[in-house]
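Quick caveat: nothing in here was measured; it's all calculated off a predicted structure. By convention here, the first residue in the shown sequence is residue 1.
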Amino acid sequence: MDLKKQILNKRTVASFALSFIIILYLISKIDLDKVLFILKNVNIAYYLLAIAMFYLSIVIKSYRWKIFLKNAEIDLNLKDAFLIYYLSMFVNSLVPAKLGDVYRGYLLKKKTEKSISLGFGTVFIERIFDLVAMISILFISAYLSFEANIPSEIICSIKWGVVITFLLLLSIFGFLLINSRLNLKNRKIEGILMNFEKGLKAVKLRTFPIIVILSFFGWLIEGLTIYFIFLALNLKLSVVFGIFSDLASSLLTAIPLTPSGLGIVDYALIYILKLKNLGYSESFAVLILYRLISYFSIVFFGAILFSINDINTKKEKIK
C-alpha cells in the first residue's frame with residue numbers, strides 16, 4: 001500500500017478539509033485565555049494515568065487480535081500484534097474509509113506470508129465484537145449517567161449502533177451461506193473468498209469467553225482515559241460519565257468520513273460534555289488533552305514506528 005499516494009488523493013484532502021472546518025468552528029467559540037489558564041493547572045499525574053489507560057487498552061485489543069489470529073492458525077507474538085495494530089491506527093489517523101484495517105491485513109501478510117483477505121477477515125469479526133461491547137457499555141453508562149433523562153440524540157445513536165451491528169452480522173451470515181454454494185472457476189478469487197471466510201470464523205468456542213471479556217475490558221479501560229482527564233482538570237464528573245463520554249465519541253470513529261473521525265468526534269465530545277452543563281472552555285480543555293492522546297500521539301509515535309518498519313523492510317529486500 002502506497003501511504004503517500006493515499007494521503008495525497010482528493011478524497012483524503014477533502015476529508016481533512018472537512019475536519020479543519022469543524023475544528024476551526026469549535027476554536028472560534030472559545031475563550032483562549034481561559035482555556036490556557038485551565039490547561040496550565042493540569043494535574044500531570046492524573047494525565048499520565050489517562051495516557052496509560054489509553055495505551056493499556058491498545059495492548060488488550062492487540063492481545064485479543066492475537067487470539068483471533070491463533071484461531072485462524074496464524075501464530076503471532078504480542079509484540080508484533082501490537083506493532084501491526086498500532087500502525088493500522090496510525091494509517092486510520094491519516095486516511096479516511098478505515099483503510100488502516102486493510103493495511104493491517106497487508107502488514108500481516110508481510111510478516112506471516114498469509115493472505116491479506118484472511119487477516120482482514122479477522123479484523124472484520126473483531127469489529128463486530130467491538131461494536132457489541134461499545135454499544136452495551138454505552139447504554140449502561142448512559143442510563144447510569146442520565147437515568148430516565150437520556151438525551152434523545154444518545155438514544156438515537158445507540159439504536160443506529162444496534163441496527164448497524166445487526167446488519168453486519170446479517171452480512172456475515174449471508175456471505176458464509178453464499179460462499180459455501182459458490183463454484184467459481186477463477187481460483188484466485190476463490191482463494192481470496194475462502195481465506196476471508198477463514199478469518200471470519202476465527203471465533204472458537206474455547207476462546208469465546210476470553211474474547212468477550214477482553215472486548216468489554218478493553219473498552220472499559222479506554223473509557224477511563226477521559227475520566228482521568230476530568231481528574232487532571234479537577235472537574236467533578238463521575239467515572240461512569242467519563243466512560244460514557246469516551247465511548248460515545250469513539251463510536252463516531254466508525255463513521256469513515258474523516259481520518260479517525262477528526263472534527264466529527266471533536267464536535268460530538270464538546271456536545272456530550274455540555275450535556276452535563278460543563279462550560280465551553282472546560283469542555284475544550286478536555287478535548288485538547290484527549291486529542292493529544294487519541295490522535296496526535298498516534299500520529300507522532302506511529303510515524304516513528306512506520307519509518308522504522310519501512311527501513312527494516314527495505315533492508316530485508318536488499319538481503
**Q** Could you check whether any side-chain heavy atom of N41 comes within less than 4.5 Å of a side-chain heavy atom of N234, counting everything from C-beta outward?
**A** no
**Q** For F301, check ring-ring contact (aromatic ring centres under 6.0 Å, His included) against everything at least two apart and list the hits.
**A** none
**Q** From the options W219, F146, F230, select the one residue that forms a ring-ring contact (aromatic ring centres under 6.0 Å, His included) with F244.
**A** F146
**Q** Are any side-chain N or O atoms of Y280 and backbone N or O atoms of L26, one a donor and one an acceptor, separated by less than 3.5 Å?
**A** yes
**Q** So does S117 get a backbone contact from the side chain of S115, meaning a donor-acceptor N/O pair under 3.5 Å?
**A** yes
**Q** Taking only residues at least two apart or on different chains, which pairs with a member in residues 154-178 satisfy ring-ring contact (aromatic ring centres under 6.0 Å, His included)?
**A** F175-F196
**Q** Please identify each residue that fulfils ring-ring contact (aromatic ring centres under 6.0 Å, His included) with F82, with sequence neighbours left out.
**A** Y86
**Q** Can I get a per-line list of side-chain donor-acceptor pairs under 3.5 Å for residues 67-79, giving both atom names and the distance, sequence neighbours left out?
**A**
residue	atom	partner	partner atom	Å
N71	ND2	A202	O	3.2
N71	ND2	T207	OG1	2.8
E73	OE1	K198	NZ	3.1
N77	OD1	K79	N	3.2
N77	OD1	D80	N	2.7
N77	ND2	D80	OD2	3.2

**Q** Could you tell me if Y227 and S245 have a donor-acceptor pair between their side chains, going purely by distance under 3.5 Å?
**A** no
**Q** Yes or no on side chain to side chain contact (heavy atoms under 4.5 Å, CB included) for L108 and I116, after CA distance, side-chain angles and deciding distance?
**A** CA-CA 7 Å; L108 184 67; I116 291 177; over 6 Å; no
**Q** Please enumerate all residues that pass side chain to side chain contact (heavy atoms under 4.5 Å, CB included) together with Y25, with sequence neighbours excluded.
**A** S28, K29, Y267
**Q** Quick one: which residue pairs count as a salt bridge (Lys or Arg N to Asp or Glu O under 4.0 Å) with a foot in residues 44-64, not counting sequence neighbours?
**A** K61-E222, R64-E126, R64-D130
**Q** Partners of K201 by side-chain hydrogen bond (donor to acceptor under 3.5 Å, both in side chains), sequence neighbours excluded?
**A** E197
**Q** Any side-chain heavy-atom pair from R104 and W65 closer than 4.5 angstrom?
**A** yes
**Q** In chain order, what residues pass the side chain to side chain contact (heavy atoms under 4.5 Å, CB included) check against F216, with sequence neighbours excluded?
**A** A133, S136, I137, V212
**Q** If a pair satisfies salt bridge (Lys or Arg N to Asp or Glu O under 4.0 Å) and one of its residues is in residues 30-53, list it, with sequence neighbours excluded.
**A** K34-E282
**Q** Only pairs at least two apart or in different chains count here, so list each salt bridge (Lys or Arg N to Asp or Glu O under 4.0 Å) that has a residue in residues 266-281.
**A** D266-R291
**Q** Centre-to-centre under 6.0 Å for F306 and F90, is that the case here?
**A** yes
**Q** Ignoring hydrogens and angles, tell me if any N or O in the side chain of S19 forms a donor-acceptor pair with the backbone of L262 under 3.5 Å.
**A** yes
**Q** By side chain to side chain contact (heavy atoms under 4.5 Å, CB included), which residues pair with L233, not counting sequence neighbours?
**A** I38, V42, I229, L235, A285, V286, L289
**Q** Going by salt bridge (Lys or Arg N to Asp or Glu O under 4.0 Å), name the pairs with one or both residues in residues 229-249, residues two or more places apart or in two chains.
**A** none
**Q** Side-chain donor-acceptor pair under 3.5 Å between S260 and S93, yes or no?
**A** yes
